[in-house]
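One structure is given here, and the rest of the page talks about it.
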Amino acid sequence: MIMAKTNLKCRECTKEYEPTFKYICDECFGPLDVHYDFPEVTKETFQNREKTYWRYHELLPIHDKKNIVSIDAGMTPLVKAEKLGDELGLRNLYIKNDSVNPTFSFKDRPAGVAISKAKEFGLKSVGCASTGNLASATAAHAAKANMPCYIFAPSNIETAKIAQALSYGAEYISVDGTYDEANRIAAQIGDRKGVGVVNINMRSYYVEGSKTLAYEVAEQLHWNVPNHLIVPTGSGAMLNAICKGFEELQTVSLLDNLSSMHMHCAQPHGCAPIVDAFKKNSDKVIPVEQPETVAKSLAIGDPGDGRYVLKRLKQYNGIAEETNDKEILDAILLLAKTEGIFTEPAGGVSVSILKKMVEEGKIDKDEITVCYVTGNGLKATESIMSVLTKPQVMQADVAKISAVIG
Ligand SMILES: Cc1ncc(COP(=O)(O)O)c(C=O)c1O
Ligand SMILES: [Zn+2]
């Protein structure tokens, strides 16, 4: 099995480092990204491979395949959304349905790569700061790797997400505060105790998992570049990683130029610091102190990659837009009723922004549009139930029930 040669490169000053357990540049404190000397690959390389994101192992940062910790995540459906497309007036609309991953969100991608790398580094334990989904993705991979796992999450997240993470056997620290506070604690514990915190001190490797959201979409579109991508955004790590993924496919000559690609950022009203900066034409993201939104997985007031998302939007002629709770919940139902896909509010955010963009004439009906749906509706039923009519309990009586049918 051929694996890539890698090093770490500062996103700001471009200084390079050996690929060690390190994530911040000594010179300028910029984030370090994994930089590759890719082996030669062709379209055929990936044919007939396993249906997980590890099918792209040549382009991922694990050097010895025995360190790969896989729960068979990835290669999720790219659904041609004919019915939703008809409803909105689009002829080439696709939903990347990442809600059907093993732990039911896209977070299986970054968590799996970060934990594999933690194993490669010989770390003894792992953890994460989470808005809910990363908790389960990290805990499930840690269970598979037989590593202790520490979760730091705000106490107000959905019950299903807590139940799920606890079931995988993680040590769960429920922090009385916001995600940013949980994140600060996780960073300090990671440093003090040598825990591989997947989205903090393992972040350089973590984002490598999310770039497979670009690889898969490109492969599923038969190695064509989409015109519009709509990405639900919290910290901004995923949006940035998707851009990196498309660029790498260009580097290895699997894609032509990306000039026709537009990258868009979708955030919920009540926690939309990147949208605020974009609309002010500022490159400074001002943190939201107390996020308030039904899209709890996107409630990251101080987005670590916010500044880089703004750069990406400029680079790829995209926009940042926000949507309110009612619109998010309406979009969840629209997606469910047209395509049979049940998403949590984060996916409602991207579908709602998609709808707005079409209504505002920002997407042409023939353009290839990919809307990322990144988490499952079963994780947030308490929020979604608030807009549904609870069924009335009826006596088990055929006559009475047939009287109310059609
Ligand atoms: C379902 C879902 N979608 C999108 C995101 C946003 O990802 P990022 O924080 O990388 O912007 C998250 C983050 O937790 C999430 O759980
Ligand atoms: Zn630097």
Side-chain angles (χ1 to χ4, degrees), residues 8-17 22-33 76 96-101 103-111 114 128-138 153-154 157-158 161 164-165 179-180 182-183 198-200 203-204 206-211 213 230-244 263 265-268 271-275 285 291 293-306 308-309 312 320 328 332 343-351 353 371-380:
L8 292 170
K9 191 170 181 179
C10 175
R11 204 181 292 171
E12 294 291 337
C13 76
T14 73
K15 185 175 164 142
E16 298 196 17
Y17 299 87
K22 177 175 189 60
Y23 70 110
I24 285 175
C25 177
D26 295 335
E27 301 287 324
C28 74
F29 304 110
L32 302 181
D33 288 322
T76 53
K96 180 60 173 167
N97 183 10
D98 236 31
S99 73
V100 295
N101 270 311
T103 75
F104 305 106
S105 87
F106 87 97
K107 295 284 186 181
D108 283 334
R109 301 172 186 274
C128 67
S130 175
T131 53
N133 287 317
L134 184 58
S136 291
T138 306
I157 66 171
E158 297 92 340
K161 292 180 183 170
Q164 193 187 1
Y179 169 79
D180 292 317
N183 189 283
V198 299
N199 55 337
I200 301 179
R203 196 168 180 86
S204 309
Y206 168 87
V207 298
E208 292 301 291
S210 299
K211 77 183 184 185
L213 278 165
I230 299 166
V231 178
T233 303
S235 76
M238 174 179 35
L239 186 147
N240 209 44
I242 292 173
C243 295
K244 185 174 189 274
M263 172 56 84
C265 161
Q267 291 204 294
C271 190
I274 301 172
V275 178
V285 177
T293 167
V294 70
K296 293 184 182 179
S297 53
L298 302 182
I300 298 179
D302 189 3
D305 282 299
Y308 300 107
V309 168
R312 293 301 198 177
I328 294 167
I332 291 175
T343 181
E344 67 151 283
V349 170
S350 43
V351 172
I353 301 294
C371 185
Y372 283 93
V373 165
T374 47
N376 198 293
L378 290 174
K379 285 170 172 259

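Ligands are counted one by one from 1 in listed order, and the atoms in each one are counted from 1 as well.
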Checking the side chain of Gln164 only, and the main-chain atoms of Thr103 only, is there a donor and an acceptor separated by less than 3.5 Å? yes
Heavy-atom contacts with Pro232 under 4.0 Å: which atoms of ligand 1 show up? List them by number with element. 4 (C), 6 (C)
Which of the numbered atoms in ligand 1 are below 4.0 angstrom from a heavy atom of Ala346? 1 (C), 2 (C), 3 (N)
Check for me whether Tyr372 has a heavy atom closer than 4.0 Å to any atom of ligand 1. no
Identify, for atom 10 (O) of ligand 1, the protein heavy atom at the shortest distance, and state residue, atom and that distance. Met238 N, 2.9 Å
Just to confirm my output: which protein heavy-atom neighbour is closest to atom 16 (O) of ligand 1, and how far is it? Asn133 ND2, 2.8 Å
Below 3.5 Å, N or O to N or O, backbone or side chain included: is there any such pair between Gly234 and ligand 1? yes
Within the structure, is a non-hydrogen atom of Ser105 found at a distance of less than 4.0 Å from ligand 1? no
Ser99 side chain to Thr374 main-chain N or O, any donor-acceptor pair under 3.5 Å? no
Salt-bridge contact Arg203-Asp305 (side-chain N to carboxylate O under 4.0 Å): yes
Taking the non-hydrogen atoms of Leu134, is any one of them nearer than 4.0 angstrom to ligand 1? no
Does ligand 1 have a heavy atom under 4.0 Å from the side chain of Thr374, from its backbone, from both, or from neither? both
Can you check whether Ala129's main-chain N or O pairs, donor with acceptor, with Asn199's side chain at less than 3.5 Å? yes
Before signing off on this row, confirm whether Phe106 and ligand 1 have an N or O atom pair separated by under 3.5 Å. no
Flag, side chain of Ser210 to backbone of Met238, donor-acceptor distance under 3.5 Å: no
Below 3.5 Å, N or O to N or O, backbone or side chain included: is there any such pair between Glu344 and ligand 1? no
Side chains of Thr76 and Asn97: any donor to acceptor distance under 3.5 Å? no
Regarding Glu27 and Lys15, does a basic nitrogen lie under 4.0 Å from an acidic carboxylate oxygen? yes
Within the 4.0 Å heavy-atom shell around Ala237, which atoms of ligand 1 are there? 10 (O), 11 (O)
Pair Lys211, Asp33 - check salt bridge (Lys or Arg N to Asp or Glu O under 4.0 Å), show working. CA-CA 12 Å; Lys211 77 183 184 185; Asp33 288 322; over 6 Å; no
Within the side chain of Ser350, is there an N or O that forms a donor-acceptor pair under 3.5 Å with the backbone of Tyr372? yes
Is there a polar contact, in the sense of an N or O pair closer than 3.5 Å, between Thr131 and ligand 1? yes
Angle subtended at the Zn ion (ligand 2) by SG of Cys10 and SG of Cys28, to 10 degrees? 100°
Identity and distance of the protein heavy atom lying nearest atom 5 (C) of ligand 1: Leu298 CD2, 3.4 Å
Within the distance-only criterion (no hydrogens, no angle test), does the side chain of Thr293 pair as donor or acceptor with the backbone N or O of Pro291 below 3.5 angstrom? no
Taking heavy atoms and a distance under 4.0 Å, where does Leu239 meet ligand 1: side chain, backbone, both or neither? neither
